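These numbers come from a predicted model, not from an experiment. When a residue number appears, it is its place in the shown sequence, counting from 1.
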Amino acid sequence: MESELRGFNTKPSKTPQPDPTHDDASSRDDRPLLTSVSNVLELEKKCAAYVRNDVYGAMGRGELPLMEKLQLGIAFVTLLPLRIILVMTVLVVYYLICRICTLFSVPNHGEGQEDYAHLGGWRRTVILPSGRFLLKTLLFLVGFYRINETHNGSKNSQENSKTAGTLQPDEPEQRPGAIVSNHISYLDILYHMSSSFPSFVAKRSVANIPLVGLISKCLGCVYVQRESKSSDFKGVSGVVTDRVCKAHQDEYAPKILLFPEGTTTNGDYLISFKTGAFLARAPVVPVILKYPYQRFSPAWESVTGVRHVVFLLCQFVNHMEVTWLPVYYPSQLEKDDPKLYANNVRRLMASEGNLILSDIGLAEKRIYLATLNGNNSMPSVLRQKDD
């Protein structure tokens, strides 16, 4: 079976080049570059952004060295149960705080959404600081004892983010409307909640998860149904743009956290950006996350949820590095062309984070994961699109 990527560079450059005419990443996800799969090894070269390179291997089922088995076994019976109890305690405490603060309050409804982001006064005062503190505590409990944060980035990033047509010295500073970040793991959300407590885009099913569902509504999450064929996607896109505009114009409105890649990678790559975060033409704050590791990578790729949580909690120490770049003010040209705006922010993040650019997207990831699970044919949802 043919296993080539049409027009795909298997050796992406560390120094990306801008392409103002680049197709929107969302359309790339709808039509995969890959037509069929012959074997996993060949596919891993094409889909390197999704390949796990830690000792646990693809799907977390690699053959472990004896010493790793011993460490894992000891942590499984000692560290794991303790951390689970402590983490659940933190979640229950914060859930109760959110439950008390939302008593007798009616959630916002509209565009298929439901949230408590409108709450103000003492309720908001309690929800935000307690949420940040408890999320920092939770990260500490799972092994992130010290998070290495760098703010404002390098001088080079400040110069690059000030493109032609940005703020002039006599113009007032503008408030950013969104935080844009690379996406590696569900841990990304926990960090951002502990840092700036933004709202974010989540699967619709998150709203129904015990404990987490109410917390996500207090954050003001925008819920999406990825496989929906209705006009709901257009509605969600409009909600996101409205949220970005509101955060840009109102200092009391929460910023929205957006992952322009639309899915997670292994942390070494930056795949195509969708334009949703840039349609509002408002300034954004780029953030680069990295998870240095020696044993188990916190990247959430081919590993199932339960297996990932177990391995993560069995590591005594986990590491995280965060780089906050300066606010990126779009030029007039970028405001008029969201694709150009997205590409330029992506180039800046790749340069500052030493990340490799790759033009693959969610469709290629689905094919890769299907192959790992023993299904060598294209997933039906993609096969129909390719016919």
Side-chain angles (χ1 to χ4, degrees), residues 9 11-19 22 25 47-54 139 144 146-163 176 178-192 194-196 198 200 255 257-278 283-294 297-301 318-330 334 339-362 365:
N9 182 6
K11 296 180 180 180
S13 171
K14 283 273 188 176
T15 306
Q17 297 297 323
D19 183 6
H22 194 281
C47 301
Y50 306 127
V51 177
R52 298 185 61 86
N53 297 308
D54 63 3
L139 286 171
F144 292 95
R146 181 177 180 274
I147 298 177
N148 184 13
E149 294 180 294
T150 302
H151 289 269
N152 297 328
S154 65
K155 181 178 180 181
N156 179 52
S157 69
Q158 296 179 30
E159 293 175 350
N160 287 343
S161 66
K162 295 290 184 177
T163 58
I179 299 171
V180 293
S181 172
N182 62 321
H183 199 11
I184 304 172
S185 173
Y186 53 83
L187 296 165
D188 306 345
I189 296 175
L190 298 183
Y191 165 75
H192 284 290
S194 71
S195 176
S196 51
F200 57 93
K255 294 187 183 70
L257 167 67
L258 295 169
F259 299 109
E261 295 170 287
T263 188
T264 55
T265 68
N266 60 15
D268 296 327
Y269 289 76
L270 205 59
I271 60 176
S272 299
F273 273 16
K274 298 183 179 181
T275 58
F278 311 97
V284 297
V285 181
V287 180
I288 303 166
L289 301 177
K290 289 191 174 183
Y291 296 88
Y293 65 90
Q294 293 182 342
S297 168
W300 191 18
E301 279 311 312
N318 290 295
H319 302 278
M320 184 188 301
E321 296 177 355
V322 185
T323 301
W324 288 80
L325 299 182
V327 177
Y328 191 105
Y329 300 96
E334 290 171 322
K339 297 174 186 177
L340 175 63
Y341 187 5
N343 276 336
N344 286 345
V345 173
R346 180 171 175 248
R347 287 179 56 242
L348 176 63
M349 292 175 64
S351 175
E352 292 297 322
N354 194 30
L355 302 173
I356 305 171
L357 287 190
S358 174
D359 288 331
I360 60 176
L362 180 60
K365 180 177 183 177

Point-to-point distance, once rounded to the nearest 0.5 Å, from [atom1] of [X] to [atom2] of [Y]:
| X | Y | atom1 | atom2 | answer |
| --- | --- | --- | --- | --- |
| R347 | L355 | CZ | CG | 14.0 Å |
| L187 | T264 | CG | OG1 | 11.0 Å |
| H319 | Y291 | NE2 | OH | 13.5 Å |
| T150 | E352 | OG1 | CD | 11.0 Å |
| R146 | E321 | CZ | CD | 9.5 Å |
| I184 | E261 | CD1 | CD | 8.0 Å |

Is it the case that K290 and T323 place a side-chain donor and acceptor less than 3.5 Å from each other?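 No, T323 and K290 have no side-chain donor paired with an acceptor closer than 3.5 Å.
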Side chains of [X] and [Y] in contact at under 4.5 Å (non-hydrogen atoms):
| X | Y | answer |
| --- | --- | --- |
| N344 | F278 | no |
| V284 | P176 | no |
| H192 | S181 | yes |
| T265 | N182 | no |

Write down the atom of [X], the atom of [Y], and the distance for their closest heavy-atom approach.
| X | Y | value |
| --- | --- | --- |
| V180 | M349 | O-CE, 4.1 Å |
| A299 | S185 | CA-CB, 4.5 Å |
| Y293 | P298 | CB-CD, 4.3 Å |
| F273 | A342 | CD2-O, 3.6 Å |
| I360 | C47 | CD1-CA, 3.9 Å |
| S272 | D359 | OG-O, 3.3 Å |

Using 30° and 60° as the class limits, which term best fits the ring planes of Y191 and W324: parallel, tilted or perpendicular?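 Tilted: the ring planes of Y191 and W324 meet at 30° to 60°.
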Quick check against the 3.5 Å criterion: does R346 have a side-chain atom that pairs as donor or acceptor with the backbone of I271?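 Answer holds: yes.
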Run the ring-ring contact (aromatic ring centres under 6.0 Å, His included) check on Y328 and Y341 step by step: do they pass? CA-CA 10 Å; Y328 191 105; Y341 187 5; 5.8 Å; yes
All side-chain contact (heavy atoms from CB on, under 4.5 Å) counterparts of N266, not counting sequence neighbours: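 For N266, the residues satisfying side-chain contact (heavy atoms from CB on, under 4.5 Å) (neighbours in sequence not counted) are N53, D268, Y269.
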Applying side-chain hydrogen bond (donor to acceptor under 3.5 Å, both in side chains), can you list everything that pairs with H183, at least two apart in sequence or on another chain?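 Scan of H183 (side-chain hydrogen bond (donor to acceptor under 3.5 Å, both in side chains), adjacent residues dropped) gives D188.
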